[in-house]
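Comments concern the structure below.
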Amino acid sequence: MPELPPFEHTPIDDIASTCARVRTTFLSHKTRPLEFRIQQLRKLYWAFKDNEALVTEACKRDLGKPTFETYLTEYSWVMNDCIWMANNLPRFAKDEKPADIAFTNKFVGPRIRKDPLGTALIIGAYNFPIQLTVGPLIGAIAAGCTAIVKPSESSPHAAAILQKIISEALDPSCYTVIQGAIPETTALLDQKWDTIFYTGSENVARIIAKKAAETLTPLVLELGGRNPAIITKHADPKLAARRLLWAKTLNAGQVCVSQNCTFIDREILPAFIQEMKNTLKEFYPQGPRNSPDYGRIVNQRQFQRLKKMLDSSNGKIVIGGTMDESDLFIEPTVVQVNDISDSLVSDESFGPLLPILPVDNLDEAIKLANETHDTPLGTYAFGNKKEMEQILNQTRSGGASLNDGFFHASIPTLAFGGVGTSGQGAYRGKASFDVFTHRRSVTTTPAWLESLLDVRYPPYTLKKQKKFAGMNEMKPNFDREGRPLGWGNWLLGLLGLKGLAALIVAIGVRQYLQRRSKL
Ligand code: NAD
C-alpha cells in the first residue's frame, strides 16, 4: 500500500506571509509569459502521472472511492485538462478583435487583451477533492494568475497528496496549498485577493460572499444541489432507471449535480421502481455493501446528517434502507415521498438517498420542481422530445441533461456553473481560462486622426455637434409603436427626403446609362 503524506494544518501565523509572497510574485510579472504558464501546466500533468497510485489510495481512504471512479473523475480528468489547456492556451491568450465596431472607430484599432485577474484564492469541497481544486487551478495558471488552494479538510488524505503534488510540480512562489478548516479559511479570507473561486455549500457561500463584498473582490460560486429529475409517462423506464441510478450511486451520491428528487408520472412509477431494482442487481451483483464499486460517506457528521434526513422522512422506503455507521455505508435507498416538504426533498441530500414523488402529469411535475428550487444546478428530463423541450422552456438551472442524469456536467470542455442560488460564474474548458481573465479593452489613437477628432474639443458649437451626429447617430428601423419599418421608410429615416430623392435619381441614371451602353 503506498505511503501517504500526513495532513497538517497550516499554522495560522504563516498564512498572511504566504499570501503576501504569492501576491508579490504576481506583481513581479513572473506568471505573465505564456511559456511559463504552459510549462507549469505540463509539470502538473507529470506530477499527477507520477502520483496516480497515491491519489487513488487517498480517495479510497477519504471516500471509499472505487479505483475506476478516481481514475474517471479525479486524476485522468485533471491530467487531460492540463494537456488540453496547454495546447489551447496560445489561442485563448491572443488579443481579440471585437466585432460590431463602427467604421469611424476602426482607426483606433480596438482590441481585447486577456489580462490575468491577479492572485486567486481557490477553496474546494470534499467530494471530488482533486478535480474541484485542480480544475480551477488549471484555469488560474493558464490565465497568468498566482493562486493559493485551500482543499477541504473533510478529505484529508486527498488534501495532503494534493499539497505534495503542487509543491513538487509548481513554482512555490506562485502556487501553494494552505491546509485547514474554518479558522484557516477565515484567516485566508482576511487577506487581499483579486478573485475568489469557491466550491461548496450555499450556507458557507454566504459567509464567503459577505467577506468578498467588503473588499469588492470578484467571486465565483460553485454551489449545490436540489436538482430535479422529471420522468413523463412517455419515457423509457429502463433507460431512466439505469441512468439516474448511476448518477446517484457514483461517489455514493456525494455529487452536486445528482438528482435530489425525481418527479415521476404515476403511470410509469411501478415499471420505474422495478427497473431500479433490476439495475441495482446488475450494477452490484453481490450487493452494494460487498462491491468494490460502491463508495462510502465521507465522515460520521455527514453520515448522521443523512440518517436524520431519512429518519425524518414521511415517505415509504421501496428499495434499500440499510446503513452501518462503523463502515460509513448507506445503501442506495429509494423512498416514495408524498410531497415536496418531505425532509428528503426540501434539503440537498448529497448522498445515496433517492426520493421519488409521483405526479399526475408533466405540468404538475414542472410546478413542483420549480417550487422545490427554482434555480438548481441541474435539471434532468426523461420523456418525448416535445416534453423535454417543455421542461427546458419552463424551468431554470445551471445546466441540463435531456434523457440522462448530469451528462452535461461530465463533458470536461463544456462550461459548468450554477444560476441564482446554485452559483455564479462558470469554468471548465475555455471558461476556466476566461473566469480568471480580465478582458481589457484597448485602443490606440494615431496622431493623424487628430483632424477628425477635433470635433470633440471645446469650444463646442452647433456645427461640431452636427458633424458629430453625421458620424455617430443611428437611425431607428422601428416606428413609435416599436413596429419594424419597411425598408422604404427606413431608408427615408436614414437618408432624409433629399437623400432618398438623390438615391432614386442616381439609381435611375445608372439604369439609363446601362441600357444605353447595351444598345
Ligand atoms: P462546505 O461548504 O462545508 O465546505 C467547502 C469549503 O468551505 C471547505 O474547504 C471548507 O473548509 C470551507 N468552509 C466550511 N465552513 C466554512 C466557514 N464557516 N468559513 C469559511 N470556510 C468554510 O461544503 P462541502 O461539505 O465540502 O461540500 C458539499 C457542498 O458543496 C454541497 O452543497 C455540494 O452541492 C456543493 N458542491 C458543489 C459543487 C459545484 O461544482 N457546484 C461541487 C461539489 C460540491
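Whatever order the structure lists them in is the order used to number ligands and atoms, beginning at 1.
- A cation-pi geometry, defined here as NZ or CZ lying under 6.0 Å from the six-membered ring centre and within 45° of its normal, does not hold between R296 and F329.
- Ligand 1 has no N or O atom lying under 3.5 Å from any N or O atom of S422, backbone or side chain.
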Side chain to side chain contact (heavy atoms under 4.5 Å, CB included) between I138 and L41, worked out: CA-CA 7 Å; I138 288 170; L41 291 169; 3.8 Å; yes
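- Contact annotation for V255 and ligand 1: no heavy atom of the residue comes within less than 4.0 Å of the ligand.
- Between S201 and ligand 1, at least one pair of N/O atoms sits closer than 3.5 Å.
- Ring to ring, F436 and F197 are close: their centroids are under 6.0 angstrom apart.
- Ligand 1 places these atoms under 4.0 Å from at least one heavy atom of I207: 18 (N).
- Judged by distance alone, the side chains of H157 and D62 do bring a donor and an acceptor atom under 3.5 Å apart.
- Counting heavy atoms closer than 4.0 Å to ligand 1, residue E153 contributes side-chain atoms (C-beta onward) but none from N, CA, C or O.
- With a heavy-atom cut-off of 4.0 Å, L223 touches ligand 1 through its backbone alone.
- Of all protein heavy atoms, the one lying nearest to atom 4 (O) of ligand 1 is Y198 OH, 4.1 Å.
- Under the 4.0 angstrom criterion for non-hydrogen atoms, F128 is not in contact with ligand 1.
- Evaluated for a ring-ring contact (aromatic ring centres under 6.0 Å, His included) with W246, the options Y284, F406, Y380 yield exactly one hit, F406.
- A salt bridge does not link K114 with D434: none of the charged nitrogens is closer than 4.0 Å to a carboxylate oxygen.
- For V257, no heavy-atom contact with ligand 1 is shorter than 4.0 Å.
- Of the options H408, R243, Q259, a side-chain hydrogen bond (donor to acceptor under 3.5 Å, both in side chains) to S401 is made by H408 and by none of the others.
- For G418, the heavy-atom gap to ligand 1 stays at 4.0 angstrom or more.
- Aromatic rings of F263 and F382 (six-membered ring for Trp) have centroids beyond the 6.0 Å cut-off, not under it.
- Among the atoms of Y126, some N or O lies under 3.5 angstrom from an N or O of ligand 1.
- Here's the thing with T186: none of its N/O atoms is less than 3.5 angstrom from an N/O atom of ligand 1.
- The distance from ligand 1 to the heavy atoms of I123 drops below 4.0 Å at these ligand atoms: 6 (C), 7 (O), 9 (O).
- The protein atom (non-hydrogen) at minimum distance from atom 14 (C) of ligand 1 is V204 CG2, 3.7 Å.
- Among the atoms of T199, none of the N or O lies under 3.5 angstrom from an N or O of ligand 1.
- The protein heavy-atom contact nearest to atom 31 (C) of ligand 1 is E348 OE1, 3.5 Å.
- The residue from G124, A125, G200 that puts a heavy atom closest to atom 8 (C) of ligand 1 is G124.
- Taking a cutoff of 4.0 Å between a charged side-chain nitrogen and a carboxylate oxygen, R305 and D347 do not qualify as a salt bridge.
- Remark: ligand 1 and K150 share an N or O pair separated by less than 3.5 Å (distance only, no angle test).
- If you run salt bridge (charged side-chain N to carboxylate O under 4.0 Å, His left out) between D171 and each of K43, K30, R37, only K30 comes through.
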Test log, rule side chain to side chain donor-acceptor pair (under 3.5 Å), inputs E184 and Q179: CA-CA 7 Å; E184 290 80 4; Q179 302 283 22; over 6 Å; no
